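Everything on this sheet refers to the single structure shown next.
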Amino acid sequence: MLSLAAVSAGYGSFRALFDVSLDVEAGEAVGVIGPNGAGKTTMMRVISGLVPMDAGAMTFDGRSLDGLSAHRIVERGIAHVPENRRLFPRLTVEDNLRIGAFIPQARAKIAERMAWVYDLFPRLKERREQLAGTLSGGEQQMCAIGRALMSGPKLLLMDEPSAGLAPLVVQQVFDLVRRIRAEGLTVLIVEQNVQQVLEVVDRAYLLEVGRIHLAGSSAELKNNDLIRRSYMGL
Amino acid sequence: MNPPRAINPLHVAGIAALACLIALPFVTPAYFLHIVIQILLWGFIYTAWSIMGRFGFVSLGHGAFMGVGAYVPALLWNYEGVTPWLGIPAGVALSVLLAVVIGYPCFRFRVIGHYFALVTLALSEVVLRTITAARDITGGSLGMTQKLAGHSWYALQFPDKRYFYGIALVVWLGGLLVWRWVDRGIEREALEAISEDEEAAASLGIDVMREKLRVTVVSAALTSVGGSLFGQYLAYLNPETVSGIAVSLQIVFAAIAGGMYALLGPTVGAFLTIALNEGLRVWFGTNFIGAANTIYGILLILFIIFMPRGIMGVIENLRMPRRAPAPAPAE
Amino acid sequence: MDIYLLEAVINGLLLGGVLALLALGLNLIFGVIDVVWIAYADLVMCGMYAVYWLHVAGWPLWAASLAAIAGVAVLGVLVHVLIIAPVLRAPPINQLLATGGLLFFLQSFTTLLFGTDFRNIGVRLPIIEMGDIFISFARLLAFGFALVGAVALYVFLKRTYLGVAIRAISQDREIMGLMGVDQRRIYLVTSLIGGALAGLGGCLLVLQYDVHPFLGNTFGPLIFMICVLGGLGNMIGGFVASFIISQIISIGGYYYSTEWAYVLAFTLFIVLMFIRPRGILAR
Ligand SMILES: Nc1ncnc2c1ncn2[C@@H]1O[C@H](COP(=O)(O)OP(=O)(O)O)[C@@H](O)[C@H]1O
Ligand SMILES: [Mg+2]
């Protein structure tokens, strides 16, 4: 469904990604793990058009994504839950969700989608009139995911959804990911919480200093020595 | 950098140009001389502005220093009979005081980018409005005429334009020397470091505050002198022509159009704007007041969009393509 | 309280309304597009000329006003497309200077077209007497329409989809792309609204003041100052600051002279910038 072929990208003269190749099939959940500064966020931003690609090719559903601006990529069916959630803090929860449905095909279905999101996250419905900046960390993550779902995506990109949350809430967030999969969405998720993420994804990639170092099914990676030592502290 | 003592064609050209400038007043009509004097004085003021502007401190407050420089000696002369030889330093002192009073807290509280521009703009408004408000002594928006003393070194008044031409030439050269001194001195390295990354500069042991204040004070003092000489030359002052937002913007634009990172850039800006203005005025005649400035405004916009480093910047890039482009005015 | 002081306070309030309207327009543009239109007051001046000439040409005042608002709104879009869009990624100060070039252009172009004469629209509106207090109807009208404009903007931003998107973009510009929003379109709409508000301001001011090409130089700096005082991009702050500044000018003008009041206002502004650099209502 999504395919990156030898993608390189960076910021100005600084290169953050080197020849990254990665595939996500429809219905899969794929993880990307790696230490801080590895380029995980950069990769997600390249996919959603926030950072231009220097070399390589990207396709989605068989069509090229090269050179598309961010809003066009959303229209193709990719939604991005950004690192640190990035809600609009001075808009209400409901307005945040509404903005998520900006593209024309989503705007027509706002009511229906909103009901779906509230169904998935009843907590958001309770907080609908509250300013997003005043939500708790876990609720903010729900709101950010809900906002991304409002565009009606086929593929959901999630950048460290569990970062900065209390252990109990982390558990809830991974439950959310499972529920989203159950809704039939394809998920590409970046995490530092390796142990947990390997429980919810089918496959994962290890990204280090801008390069893919390892790829495999969750089961393989869970038993890989390098991963166990460096990322699971075992 | 310097090739072994060959004859540098640039030096030759420079000396030839200077010789022409010195010979000029003896061969040209008064009207032409008037224009050259304006180019030199404005060139001096624009150079003074760019001494700080080039480090990212884009001041819209230089109209204030010009206004102070113009009015202080004129008031002292008209009311107290104090010679401009004392009045001009008094103006400089007041300008420097204002520069420090505004500059210090700006740097201290990190008022930068357009906030800095707007605070300094407010300063130039304060001076403009003060001049207008104190109409009992300054004549307000009607302006004031200096008491005439004929040809007098004491009063720094000369009906013969050639004297002012000489003064303007000397002062302009002085301004270039100061610019070069800042450019060559360690201040420049320090300030460029500061405008790129202030904290890193501070950690290198650079006294950030002192360096910033130093260029600010130098720039304000020179601008003040420029304002004084304008007042002396015209013997008539009007708040709108020496202070306020229009003058401040004019200064910034000419410096940018000419190129504030090059020695002659601001002077080129002065030449360009004044020559353009005069040329267009002759071209359109007085029936079309405003036509000249209309074209000027369009050119300014085009400059900012397409040549933010100015004409001299482009010329320098052509000459030295290997040099990486210096940062545009920092935010 | 003596009666003249009260009159000054009321006039300050009425002036504050118009300033607040203009500050809202400038703040909207700053908040959304992140550029300072230093020529904003000159757009207002263009609006004043538009009303003046259309009215002189025989249009009724309301029609002339509507046409002026529409015209300046289009001008706002042109400003964005021709001047701001090319420098959107340039350092902020270059953006400010680009609109400074526009200031020169508008002032000289109107000089070219209309000369430097002060022109008065010549609509004589009554003076209202309340007890011993005299209030000009033109000012009252301007205040009323300014409030209507401000409320309309508020409702638009609060209640419409596009309005919510505009508020969102001023809170997090970059992430808007991920919402499927084409920022360029939002910028165009914002410039259109900012222009329309300037046009409305022009309609209201032309009833009270003579128009001339350099009018923007007198109250332009005042509007920036209000916006900065309120916190650039903070609309409520700008609204409050308008009334503070207009009272300083009005009451100061009553005790001393308007010019000294301006000196006071600008000095206060500088001082406040050091004490509260993010605006008087900064969180
Ligand atoms: N906006 C930026 N400008 C310049 N460099 C950046 C920027 N964002 C990230 N980087 C650099 O790119 C590299 C990868 O960062 P990032 O993609 O955020 O890593 P991760 O998400 O894996 O922690 C890091 O070295 C980081 O310093
Ligand atoms: Mg990251």
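Small disclaimer: the values here were computed from a predicted structure and weren't measured. The sequence lines fix the lettering, A, B, ..., with proteins before strands; numbering per chain opens at 1.
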Taking side chain as everything from C-beta outward and backbone as N, CA, C, O, which of these in L91(A) sits under 4.5 Å from a heavy atom of chain C? Side chain, backbone, both or neither. both

Working for side chain to side chain contact (heavy atoms under 4.5 Å, CB included), residues R147(A) and M179(C): CA-CA 8 Å; R147(A) 185 178 66 176; M179(C) 305 296 111; 3.4 Å; yes

side-chain hydrogen bond (donor to acceptor under 3.5 Å, both in side chains) pairs, two or more places apart, involving residues 37-46 of chain A: Y11(A)-T42(A), T41(A)-E83(A), T41(A)-D159(A), R45(A)-E174(C)

Given a strict heavy-atom distance threshold of 4.5 Å, which part of I78(A) is in contact with chain C: side chain, backbone, both, or neither? neither

For a 4.5 angstrom cut-off between non-hydrogen side-chain atoms, does M176(C) reach I99(A)? yes

Which of S151(A), P89(A), A79(A) touches chain C most, by non-hydrogen pairs under 4.5 Å: P89(A)

For residues F102(A) and G180(C), report the shortest heavy-atom separation together with the two atoms involved. CD2-O, 3.6 Å

What heavy-atom pair brings V74(A) and G177(C) nearest, and what distance separates the two atoms? CG2-O, 3.6 Å

For F145(C), look at atom CZ and say whether over 12 heavy atoms of other residues, nucleotides or ligands are found less than 6.0 Å away. no

Where along residues 27-42 of chain C does a heavy atom come under 4.5 Å of chain A, listed by residue number? none

Taken to the nearest 0.5 Å, the spacing of R85(A) CZ from D172(C) CG works out to 13.5 Å

Between A106(A), S69(A), A101(A), which shows the greatest number of heavy-atom pairs under 4.5 Å with chain C? A101(A)

Would you say Q183(C) and H71(A) make side-chain contact, with heavy atoms under 4.5 Å? no

With a strict 4.5 Å heavy-atom criterion, list every residue of residues 152-164 of chain C that contacts chain A, or say none. Y161(C), V164(C)

So which heavy atom on R90(A) is nearest to which on R167(C), and how close? O-NH1, 4.1 Å

More than 12 non-hydrogen atoms from neighbouring residues, nucleotides or ligands closer than 6.0 Å to CD1 on I236(C), yes or no? no

Going by the salt bridge (charged side-chain N to carboxylate O under 4.0 Å, His left out) test, which pairs reach into residues 173-184 of chain A, not counting sequence neighbours? D175(A)-R178(A), R181(A)-D202(A)

Can you confirm whether more than 12 heavy atoms, excluding those of R76(A), are under 6.0 Å from its CZ atom? yes

